[in-house]
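Here is the structure we will look at.
Any value given below was found using the heavy atoms of this structure, including those in side chains, with hydrogens, waters and symmetry copies removed. Protein chains get the first letters and strands the later ones, always in sequence-line order, with residue 1 at the start of each.
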Amino acid sequence: MYDVARIRQDFPILSQPHPSGKPLVFLDSAASSQKPSVVIDAMTNYYRTQHANVHRGIYALSEAATHAYEAARDKVKSFINAEQREEIIFTSNTTGSINLIVQTWGRQNLENGNVVVLTAMEHHANIVPWQILAAEKGFQIKYIPVTSDYLLDLEVFERILSEGNVKAVSVGHVSNVLGTINPVEHIIERAHAFGAIAIVDGAQSVPHLPVDVQALDVDFYAFSGHKMCGPTGIGILYGKRHLLEAMPPWQGGGDMIARVTLEGATWNDLPYKFEAGTPAIAEAIGLGAAVDYLQGIGMEAIHQHEAELGVYARERLAEVEGVQCYNPAPPYASGVATFTLEGVHPHDLAQILDYEGVAVRAGHHCAMPLHREVLCIHASVRASFYLYSTREEVDTLIACLQVARQRFL
Amino acid sequence: MYDVARIRQDFPILSQPHPSGKPLVFLDSAASSQKPSVVIDAMTNYYRTQHANVHRGIYALSEAATHAYEAARDKVKSFINAEQREEIIFTSNTTGSINLIVQTWGRQNLENGNVVVLTAMEHHANIVPWQILAAEKGFQIKYIPVTSDYLLDLEVFERILSEGNVKAVSVGHVSNVLGTINPVEHIIERAHAFGAIAIVDGAQSVPHLPVDVQALDVDFYAFSGHKMCGPTGIGILYGKRHLLEAMPPWQGGGDMIARVTLEGATWNDLPYKFEAGTPAIAEAIGLGAAVDYLQGIGMEAIHQHEAELGVYARERLAEVEGVQCYNPAPPYASGVATFTLEGVHPHDLAQILDYEGVAVRAGHHCAMPLHREVLCIHASVRASFYLYSTREEVDTLIACLQVARQRFL
Amino acid sequence: MDIYQENILDHHRNPRNWKLLDPYDFHASDENPLCGDTLEITLRVDENDRVVAVGWDGHGCAISQAAASMLGEEIIGKTLDEIKQLDKDVVLDLIGIPLSVSRVKCALLSLKVLKSAVYNLESQQ
Amino acid sequence: MDIYQENILDHHRNPRNWKLLDPYDFHASDENPLCGDTLEITLRVDENDRVVAVGWDGHGCAISQAAASMLGEEIIGKTLDEIKQLDKDVVLDLIGIPLSVSRVKCALLSLKVLKSAVYNLESQQ
Ligand SMILES: Cc1ncc(COP(=O)(O)O)c(C=O)c1O
Ligand SMILES: Cc1ncc(COP(=O)(O)O)c(C=O)c1O
């Protein structure tokens, strides 16, 4: 049995009073999740008893730190079922992971005449890095459109592929606005059939669903620690070994070299080739604790819980006059409800909800093209659920929406 | 009065037992410093009571997080006396800060025929990024040599400048191996006189000395949180506003844009243009606490304390037969003693010292060119001091060295 | 404190001068790209450069729209020079309730557009 | 546990076979660039491909040098095929004391060079 009350006790912030005096109803986990005590304590404990710089320190403290840091890599490897630990690279966040791919694989492999396929529902992190390189290299970006059901238009995708010259397809596994769970397995298979590599932005999937990079046969997979109960300051890039081996390094500095002379340098082995400088040691350790914690509960159970809450929330939202939701139907839906309320601007709505202790996100959620060019709105309100979210919190949200409507109309 | 006993109580790890059962003598702060409770607690407290994603969250928690994050920027600004908060950019570490400069300013401004001046005592973080870009752009790197006194050869620097085409001079403020405090004020002034910009790697200076970027008139200044009592996972880049304004962004993604369409994007204002994605929020807050802590003690007092320990350590080392030190004389010396012991390989020495609870670093300290091409050794042992280091720790080091000598000879 | 006081909501529900002037002497429009709030302002002045009529149009949150409505009323009778002197506190005082950092930008959009208009900065948009 | 047991220090102080052979049948050299340890190995074999003499030279920490000395003694009398089968546990067993991760590389340099020699990988260096 999924015991949400017990899970909530693991998260100190959930029992903190909100400034309004009301209980905190935190419905913005898609932006960044809260942290369980085990994660906070792992980092605190590290700093209090174990901190030293990692790698090549020949003393007990440094070896303990190195061991803990590398153990976190092994945990992440198992969590997403990567084949080898060398395929797990620690970065600063999902954004950093995608920029790494674009600036190394992309800079090495893309040129004028090539096509990179993205989607119209991407987060800016999976659009802007490509646009920056495209401006320099002259390759073309094509976007898979979004249907009126909030799904990717796979027929257009097929047409784009058949038009030729596609070198990479990069898609979000789960949309951070619509909550759409995209058919990435199919997309990867089609990309490969046309000789393109497949990159998946997993920022909204790894925290919420079981992910198996080998089963997906994905080439690169990017995600963030802070959205999956882990700390800020750390991201992850999974890459297939043969691709990572062939790529030039991105950042230069300590730890990523084998040898440096005044004339030039040679590179260290994977994964270190891509980890220049002192890494986010405490953050990796916190992330490892987060992985253990999530695995203890079970990703399938978490997904189930959130999907149910999503269904319930959208049902209840439909009862509120003037609400329009922007989410697909199951099985493509996840634990996200995104909506507008007629006559009340999303920013005002978020502010009024906050007075009641309800934290939701309002704005374009770093997906301006989706809002302006697909949904034809400037902003929306998003309530996003996580393993600690409850039906009662959905009820509070709905009650507060009714109050807000009254006040504004 | 500088009360080192009281300061030591602020650092939980210093009262932890070492695996050997002996007290921990931590002499590797140049690699990464230990953390006072105030820093650890600031982050723990943040995660337990205040965490949410920053920027544009219209609810109390997100605003509190944003406020705390931005307050850290203000603290760093005052700490190094920057003129404007927009000039302080948070990165992942010193390495990230230097790569940022190279990949934005460098990529935009350097071409075949140009010269970038580095020094033979640089850390790999201030060599390899330049070499990577030089291989692509064809500009030339020239190195200021190191004299037999372990100082920069300023005559050769002047000759390099007068040979022309110098576009940038990038030097370490304090060498992480030699401890040499370089005359960066003079170097910056000369660089400017020849129309070059001046970049300083402050990884080993900001934690240990008062630094005033306006007085230095430096164009870019890079340093790391983890070496200055702050957390891992955060670095700082100071840049003069007019230079930062003229630079293209580095990483693309959320927060760094003003507007994104499917066709292209425009950039956010400083400093956000250079902070793509969810930032290292907890880490910035920890860094802010570290700045407060260091300022409470006083950077001049810290520098004095360390310099005295350095002098004492080198005096005592001179008593040990077979020891050779690689450090300059005062006033160029800082709280670092780097040496070799004849007949005992640095790695073996570090290991034996560890059995006695003494943590020192052995190796090339990410400065292979300095070791191989200047000092003509493969590795050295480095004892580095910080605000919590004591004379008794120096005495323990010396006693252990004597033991090690006996065992090996 | 709740910023949706009755006066804010009133200006939001019944915005004053919410119609662009035609003809006009001064004009500007701008957008806060991050939140999508838009604002367009037109002014008519007399022979002493004193504002005799204001008309505006826009879309956005209650704060940005109420601020535009209040500011529009406030500047009628002021000279262009006086408008150039206005600083953000004027708007914040009109709102009357402390705003959080993330909402201050909403409130100040109208002042930004107004200044663009009187400085004739139209072409920069 | 202290890895500088008497046998390690003895091999370090008095390395066995610490002289390159000339002529030799097999040869390789390598370096651990991170720590600067270097090692060069020469072998002579009989008509059955059995090692009859080992000679090596190198510089580095006590672990890497003692490991080379011990491994050199160990392989005399072994066939090339047997040497190809050796895995890292052979060296770690010779050392006899658990090594920390950062020192395992030191210990294994000699095995790496030995394998390069018998596989004739010289040209890859
Ligand atoms: C002089 C110098 N520069 C740069 C660095 C790199 O710092 P980080 O590893 O934090 O990026 C260091 C730290 O080792 C250093 O001592
Ligand atoms: C789908 C998606 N991609 C990328 C990101 C960027 O993640 P980060 O800000 O951690 O780099 C996010 C988070 O906002 C996201 O939801």
Side-chain angles (χ1 to χ4, degrees), chain B residues 18-22 28 31-32 123-124 127-128 131 177 322 326 338 340-382 400-409, chain D residues 1-16 18 29-40 56-72 88 91-92 94-113 125:
Chain B
H18 182 266
S20 66
K22 305 187 173 124
D28 194 23
S32 195
H123 187 280
H124 295 162
I127 299 177
V128 182
Q131 290 179 338
V177 178
Y326 305 91
T338 302
T340 50
L341 175 59
E342 209 190 324
V344 188
H345 191 281
H347 288 177
D348 295 317
L349 194 50
Q351 182 107 51
I352 292 179
L353 290 174
D354 184 50
Y355 293 141
E356 308 298 323
V358 179
V360 294
R361 187 124 313 220
H364 52 61
H365 319 298
C366 293
M368 280 177 118
L370 174 66
H371 277 82
R372 302 210 172 182
E373 302 176 38
V374 179
L375 308 179
C376 298
I377 52 178
H378 281 295
S380 58
V381 174
R382 179 185 68 191
C400 295
L401 281 181
Q402 299 284 18
V403 172
R405 249 194 104 242
Q406 305 286 302
R407 285 196 61 184
F408 264 73
L409 300 188
Chain D
M1 196 161 35
D2 191 330
I3 57 177
Y4 301 100
Q5 301 295 313
E6 210 29 63
N7 68 326
I8 303 278
L9 290 176
D10 178 47
H11 275 275
H12 173 55
R13 291 196 200 97
N14 312 297
R16 323 296 195 259
W18 194 48
S29 68
D30 201 358
E31 178 180 355
N32 186 340
L34 282 178
C35 60
D37 288 4
T38 58
L39 203 73
E40 187 170 356
W56 64 277
D57 192 6
H59 293 279
C61 68
I63 305 300
S64 76
Q65 304 300 297
S69 176
M70 291 168 151
L71 184 63
K88 65 188 166 77
V91 180
L92 299 181
L94 287 170
I95 301 277
I97 306 279
L99 292 176
S100 62
V101 184
S102 59
R103 304 311 297 281
V104 166
K105 270 203 171 168
C106 309
L108 297 184
L109 178 62
S110 48
L111 183 64
K112 186 172 168 216
V113 178
Q125 302 312 320

Determine the option with the most heavy-atom pairs under 4.5 angstrom with chain D, choosing from B/Leu349, B/Val344, B/Ile352.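 Most heavy-atom pairs within the cutoff with chain D belong to B/Ile352.
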
Determine which donor-acceptor pairs between chain B and chain D fall under 3.5 Å and list them with their distances.
from, atom 1, to, atom 2, distance (Å)
B/His345, NE2, D/Asp37, OD1, 3.4
B/Asp348, OD1, D/Tyr4, OH, 2.7
B/Asp348, OD1, D/Ala62, N, 3.4
B/Asp348, OD1, D/Arg103, NH2, 3.0
B/Asp348, OD2, D/Ala62, N, 2.5
B/Gln351, OE1, D/Arg103, NH1, 2.5
B/Tyr355, OH, D/Met1, O, 3.4
B/Tyr355, OH, D/Ile3, N, 2.9
B/His364, NE2, D/Leu34, O, 3.2
B/Arg372, NH1, D/Glu31, OE2, 3.0
B/Arg372, NH2, D/Glu31, OE2, 3.1
B/Arg372, NH2, D/Pro33, O, 3.2
B/Arg407, O, D/Arg13, NH2, 2.7
B/Arg407, NH1, D/Asp2, OD2, 2.5
B/Arg407, NH2, D/Asp2, OD2, 3.4
B/Arg407, NH2, D/Tyr4, O, 2.5
B/Phe408, O, D/Arg13, NE, 3.3

Side chain, backbone, both or neither: which part of B/Leu409 has a heavy atom under 4.5 Å from chain D?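 The backbone, not the side chain.
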
side-chain contact (heavy atoms from CB on, under 4.5 Å) against D/Val101, all qualifying residues, sequence neighbours excluded: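 side-chain contact (heavy atoms from CB on, under 4.5 Å) list for D/Val101, sorted by chain: empty.
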
